[in-house]
Amino acid sequence: MIKNVLKESEDSLKKAVLFLKNEKLVAIKTETVYGLACESSSKTAIQKVYGLKQRPLFNPLIIHVDSIDLAEKISIINNDSREIMKEFWPGPVTLILNRRKNNLVHDFAVSGLDTIAIRIPSSKFVLKLINKLNKPIAAPSANESGYISATDADHVVDSFGEKVDLIIDSGRTEHGVESTILDMTTNPYEIKRLGVIDYKTIRKKLGKKVKNLNFNYKKILRPNSPGQMMKHYAPKTPLKLNIDKPNSDDAFLDFGNKKVISHQPTLNLSESSNLKEAAFNLFYFLRKLDKCSKQRIVVAPIPNKGIGKTINERLKRAAL
Ligand code: AMP
Ligand code: MG
C-alpha cells in the first residue's frame, strides 16, 4: 500500500480535516463513487482539483454538505426542493439550485454560474469530515476527466497515485454509479443526469411534471447542462455495446445467465440479471477489463429499465 492511503479511523479523520483546511486534496468514498474532495472556498485547492483531473474549467463541481441548514447558506431552497431533500438526503440525489451569495463556495467551484449543485452524501465518515471542517466540500469523481469513475480506493491510486495528498480507503462504494442530478431552477424541473434514483421515483414524490433526460447524445449538439456532452466514463480500450458473441481478441462484459460462455476474459455484471448489482459492478469491471489490453471491450445488452437506464446512458457515452 502506498503511503498516502489510510483506512477510516479517528486519526485519518483528523488528518483529512487538517489537510482540507490546508488546501490539500483528499479522496473519499461516497455511496456513489469516490470523490476528489477540497474545501469549497479555497481557490487554490479547487484549481488543484481541476488540474489533477484535467477537467475543463466550465464543468462545475458538486458541493457536498452535512445538513439542509448548510445548504441554505449557499443556495435558495423552495418548498419542492425541501421536500426532495427531506425524502432523499442523505442520499444519491444532487439538486441544482439558485446560488446564494456567500464566502463558503468560491466562484471557481461552480464555474462562475448563478446556480449550484448540492447534495448530502450518506457516508458517515464524509459527514463527520464536513461537520468538523464546518464548511462544504467540493468533490467531483476521483478519476481523470473522461475516464471510468472510481468505485474503489485502488482506482484512485491507479488514476492519481501520490498526486492526491490523502486517500481514505473505505472499500467499494455501495451504488457504483453517480447521483441523479435534478435541476430545480427550471420549469418544469429537469433531470440533468440519470443516476441511482430513477425519474419515476422523483416525479412521484414531487407529484408534478419533471422533464427526463434525453440521452440520445449523437443527436445532441449542445449539452443541456455543463459537462454533460463529452465522451465520458470511457475506458482506453474501444467499447462496443449490445454484443452477445465476443470475438477471440475481445474482453467481454456480460449480463445475465442466459448462455454458457467460455470466453476469456469475461466478467458478468450480474448473473442473476439484477440491475442494482450490475450498477455496483459496472465501473469496477470496466476498469478490470481495460487492464486486459484487448482489441475491444464488448458489452452484452442491458435491460433499459430502472437503474438499467443509467447503466446504458453511461455505456453509450463511454462508447462515443
Ligand atoms: P462529477 O464530476 O461526476 O461530480 O460531475 C458533476 C456534474 O454536476 C457536472 O458534470 C455537471 O453536469 C453537474 N453540475 C454541477 N454543478 C452544476 C450546475 N451549477 N449546473 C448544472 N450542472 C451542474
Ligand atoms: Mg465524473
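Read the numbers this way: they start at 1 and go in the same order the structure lists the ligands and their atoms. Both backbone and side-chain heavy atoms feed into the values below; hydrogens, waters and symmetry mates do not. We count residues from 1, following the sequence as given.
- With ligand atoms numbered from 1 in the order given, ligand 1 contributes 19 (N) to contacts under 4.0 Å with heavy atoms of Ile116.
- Residues Ile168 and Leu166 form a side-chain contact, since some pair of their non-hydrogen atoms from C-beta on lies under 4.5 Å apart.
- Within the listing of ligand 1, atoms 7 (C), 8 (O), 13 (C) sit less than 4.0 angstrom from a heavy atom of Ile181.
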Could you check Lys14 against Glu10 for salt bridge (Lys or Arg N to Asp or Glu O under 4.0 Å), going step by step and ending with a plain yes or no? CA-CA 6 Å; Lys14 274 190 201 141; Glu10 281 306 313; 5.9 Å; no
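- You'll find the side chain of Ile84 reaches within 4.5 Å of the side chain of Val93, heavy atoms only.
- At a heavy-atom cutoff of 4.0 Å, ligand 1 is contacted by the side chain of Arg193 but not by its backbone.
- Near Asn59, with a cut-off below 4.0 Å to any heavy atom, the atoms of ligand 1 are 9 (C), 10 (O), 11 (C).
- Within ligand 1, the atoms closer than 4.0 Å to a non-hydrogen atom of Ile96 are 20 (N), 21 (C), 22 (N), 23 (C), numbered from 1 in the order shown.
- At distances below 3.5 Å, at least one donor-acceptor pair connects side-chain atoms of Arg193 with backbone N or O atoms of Ser179.
- Those atoms of ligand 1 that come under 4.0 Å of a heavy atom in Thr115, given as number and element, are 18 (C), 19 (N), 20 (N).
- Taking the charged nitrogens against the carboxylate oxygens, Lys211 and Asp183 have no contact shorter than 4.0 Å, which rules out a salt bridge.
- Across Pro60, Ser145, Ser141, Gly195, heavy-atom proximity to atom 14 (N) of ligand 1 is greatest for Pro60.
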